[in-house]
Chemist: 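Got a structure for you, questions after.
Convention: sequence-line order gives letters A, B, ...; per-chain numbering from 1.
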There are 2 protein chains.
Amino acid sequence: MLAIGDELLSGRTKDKNIGHLAEVMTLAGIDLKEVRIVGDDPHMIADTLNTLRRTYDLVFTSGGIGPTHDDITAEAVAAAFGLPVVDHPEAVARLEAHYRQRGMEFTTARRRMARTPEGAGLIDNPVSVAPGFRIDNVFVMAGVPAVFQAMLAGLSAALPAGDPLVSRAIACRFGEGDIGDALAAIAREHPKVVIGSYPKFDGSRYSTEIVIRSRDEAAIDAAAAAVEAMLQAVDQRRASA
Amino acid sequence: MLAIGDELLSGRTKDKNIGHLAEVMTLAGIDLKEVRIVGDDPHMIADTLNTLRRTYDLVFTSGGIGPTHDDITAEAVAAAFGLPVVDHPEAVARLEAHYRQRGMEFTTARRRMARTPEGAGLIDNPVSVAPGFRIDNVFVMAGVPAVFQAMLAGLSAALPAGDPLVSRAIACRFGEGDIGDALAAIAREHPKVVIGSYPKFDGSRYSTEIVIRSRDEAAIDAAAAAVEAMLQAVDQRRASA
């Protein structure tokens, strides 16, 4: 994923799209491998996009497709592909109808939202009409979270069906330091699962959430049983200490 | 910045450190230029870190410095620098004293939190003792937000003093489409400022926040006056329509 916008790098806006895309991809069985955040710099956007689209099967972008001068994503994506920017006829038609219906002027600024690289397909925007677009393996979407989410929801049919990753969480009232050695041994003995360990700090004590992930549910059952037995052993050792 | 962790890419954990670092850097007058998020893959971490530390003056990382088997940041950072991993004597001493005082066992897992690349300096952790570390222009910090924030707060003296960026926000009840053309003209006439335009969508209507940024306060005043005059003109045109 490529999140675009000076406002993300200045801290003015806290990104909400990365975590959402991550959740949706996980549910779809698609592994999100890398995220980059860059500012409103056309060369930086184009270079980063070229790296990502050549490295990964799919790339999703957020931000920079609105009507103002700082919305430069369409131009930057077109430059990355070496394509001209055009007013997409279907996008113009949708926007024109939308503003006519509302009695609003279809300004030059609003017409900017119809720009796509030549040959791009549109991504529907059920929230506020102005579409995203797809070109090759790159999906270009809005930065406003409600719109990003609606666009992504509409894409599910266009995405390849992955084998969903199953995950199981086990709460643990001990800190990572109490269980780390034993957990490492379990991870070595169960190579078909990935065991993650996530510390929580409530201000005075650490606890841990242990998460077991795999595409093989039997492997999760086996690893989960090993973790539960380990936690019970730690508990008993403490009780008898 | 480099944020590290499978949990960020699966959506289980929503990152809170990127936005915080962005705010702190902006206040310090340091421009955050790029953020990358990668999973718990040692080669990916090392390659990404090598790219970032050669491209930028400073690099901050979050995540992967705890006591469990999936905490591999220290090894990956050492590999990036071509350095061995050592038990940092001062880090061992701090952790040993901490656990002795609390009557807790200093397990092998907990000792993992003392590992740093050879020659690294420590970053204090006033929250839960286990330190981060600095090597060259790379600052390696915890992923738990309370700890990341405390570590970063302690670093301010170590960071170069930048010329703070001043920003001024102007609320605008029109959508971007109503003001985009005029705003683009103002941006062209005021090259010493960066004008950002951030759409807000309340579920039925768009409004816009216009933000003017510069290191030159007089330039901000001039651009802000132009924006205010433009908004007033739009208002009057609407009232008379």
Side-chain angles (χ1 to χ4, degrees), chain A residues 6-15 18-26 31-40 44 66-70 104 107-110 112-113 127-128 144 146-147 165 167 176-181 183-184 187 194-201 203 206 211 213, chain B residues 6-15 18-26 31-40 44 66-70 104 107-110 112-113 127-128 144 146-147 165 167 176-181 183-184 187 194-201 203 206 211 213:
Chain A
D6 285 347
E7 70 278 19
L8 302 173
L9 295 176
S10 73
R12 270 199 76 256
T13 299
K14 304 288 183 288
D15 168 83
I18 296 170
H20 179 74
L21 181 83
E23 272 182 357
V24 170
M25 292 297 115
T26 298
D31 286 334
L32 177 61
K33 304 298 276 184
E34 184 178 356
V35 178
R36 299 196 190 184
I37 307 175
V38 303
D40 299 324
M44 182 86 177
T68 53
H69 64 283
D70 59 346
M104 291 163 79
T107 56
T108 313
R110 290 193 170 116
R112 281 175 63 82
M113 295 189 286
V127 174
S128 54
V144 174
V147 181
L165 192 70
S167 86
E176 287 192 305
D178 287 312
I179 56 165
D181 297 336
L183 205 60
V194 174
I195 303 182
S197 151
Y198 305 104
K200 292 181 177 178
F201 184 68
Y206 275 98
V211 179
R213 294 190 195 84
Chain B
D6 284 348
E7 70 277 19
L8 301 173
L9 295 176
S10 74
R12 270 199 75 257
T13 300
K14 304 289 183 287
D15 168 83
I18 295 169
H20 179 74
L21 182 83
E23 273 182 355
V24 170
M25 291 298 115
T26 298
D31 285 334
L32 177 61
K33 303 299 275 184
E34 183 179 357
V35 178
R36 300 196 190 184
I37 308 177
V38 302
D40 299 324
M44 182 85 176
T68 54
H69 64 282
D70 59 346
M104 291 163 77
T107 58
T108 313
R110 290 193 170 116
R112 281 174 65 82
M113 294 189 287
V127 174
S128 54
V144 174
V147 181
L165 192 70
S167 85
E176 288 192 305
D178 288 310
I179 56 164
D181 297 336
L183 205 59
V194 174
I195 303 182
S197 150
Y198 305 104
K200 292 181 178 179
F201 185 68
Y206 275 98
V211 179
R213 293 189 195 85

Chemist: Using 4.0 Å as the upper bound for N to carboxylate O, is an ion pair formed by B:Glu7 and A:Arg213?
Modeler: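 Salt bridge between A:Arg213 and B:Glu7, a charged N being under 4.0 Å from a carboxylate O: no.
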
Chemist: Among A:Glu23, A:Arg110, A:Met25, A:His20, single out the residue with the greatest number of heavy-atom pairs under 4.5 Å to chain B.
Modeler: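 Ranked by heavy-atom pairs under 4.5 Å with chain B, first place is A:Arg110.
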
Chemist: Taking atom NZ as the centre, does A:Lys33 end up with more than 12 heavy-atom neighbours from other residues, nucleotides or ligands that are less than 6.0 angstrom away?
Modeler: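 No, because the 6.0 Å sphere around NZ of A:Lys33 holds 12 heavy atoms or fewer from other groups.
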
Chemist: Quick one: which of B:Val147, B:Thr108, B:Val144 has the most heavy-atom pairs under 4.5 Å with chain A, could you say?
Modeler: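 Top count of heavy-atom pairs under 4.5 Å with chain A: B:Thr108.
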
Chemist: Testing the basics here: between B:Asp181 and A:Ala109, what is the closest heavy-atom pair and its distance to 0.1 Å?
Modeler: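 Result for this residue pair: OD1-N, 2.7 Å.
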
Chemist: Kindly determine whether B:Glu34 and A:Ile37 satisfy side-chain contact (heavy atoms from CB on, under 4.5 Å), including the steps that lead there.
Modeler: CA-CA 6 Å; B:Glu34 183 179 357; A:Ile37 307 175; over 6 Å; no

Chemist: Chain B heavy atoms under 4.5 Å from A:Met44: which part of the residue, side chain, backbone, both or neither?
Modeler: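 It is the side chain, since no backbone atom gets that close.
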
Chemist: Between the side chains of A:Thr13 and B:Tyr198, is a donor N or O closer than 3.5 angstrom to an acceptor N or O?
Modeler: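 Short answer, no.
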
Chemist: Could you look at A:Asp15 and say if it's the side chain, the backbone, both or neither that has a heavy atom under 4.5 Å from chain B?
Modeler: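 Interface part for A:Asp15: neither.
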
Chemist: Does some side-chain heavy atom of B:Arg36 sit less than 4.5 Å from a side-chain heavy atom of A:Val35?
Modeler: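 A side-chain contact is absent here, since even the closest heavy-atom pair is not under 4.5 Å.
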
Chemist: Looking at every heavy atom in both A:Glu176 and B:Gly66, which two are closest together, and how far apart are they?
Modeler: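 For A:Glu176 versus B:Gly66, the nearest heavy atoms are OE1-CA, 4.2 Å.
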
Chemist: So what's closer than 4.5 Å to chain B heavy atoms on A:Asp178: side chain, backbone, both or neither?
Modeler: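 For A:Asp178, heavy atoms of backbone and side chain both lie under 4.5 Å from chain B.
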
Chemist: Which heavy-atom pair separates A:Gly177 from B:Pro67 by the least distance, and what is that distance?
Modeler: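 Result for this residue pair: N-CG, 3.6 Å.
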
Chemist: Any side-chain to backbone donor/acceptor pair from B:Asp70 onto A:Ser197? Under 3.5 Å, distance only.
Modeler: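 Here the side-chain-to-backbone pair exists.
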
Chemist: Who among B:Val127, B:Val24, B:Leu32 has the most heavy-atom pairs with chain A under 4.5 Å?
Modeler: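 Highest number of heavy-atom pairs under 4.5 Å: B:Leu32.
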
Chemist: Does any heavy atom of chain B fall under 4.5 Å from the side chain of A:Arg112, the backbone, both, or neither of them?
Modeler: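 Answer is neither: A:Arg112 stays 4.5 Å or more from chain B.
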
Chemist: I'd like to know which of B:Gly39, B:Ser167, B:Gly11 tops the heavy-atom pair count under 4.5 Å against chain A.
Modeler: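 Greatest number of close heavy-atom pairs with chain A: B:Gly11.
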
Chemist: Looking at A:His69 and B:Ile195, would you say the former's side chain and the latter's main chain have a donor-acceptor pair under 3.5 Å?
Modeler: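 Indeed, once roles are kept as given, a pair shorter than 3.5 Å links the two residues.
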
Chemist: Less than 4.5 Å apart, side chain to side chain, heavy atoms only: is that true for B:Asp6 and A:Val194?
Modeler: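 They are in side-chain contact.
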
Chemist: Just how far is it from atom OG of A:Ser128 to atom CZ of B:Phe201, taken to the nearest 0.5 Å?
Modeler: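 Output value for this atom pair is 5.5 Å.
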
Chemist: Taking atom OG1 of B:Thr68 and atom CG of A:Leu183, what is their separation to the nearest 0.5 Å?
Modeler: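 It is 6.5 Å, given to the nearest 0.5 Å.
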
Chemist: Is it true that a side-chain atom of A:Thr26 and a backbone atom of B:Ser10 form a donor plus acceptor pair closer than 3.5 Å?
Modeler: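 Checked: pair present.
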
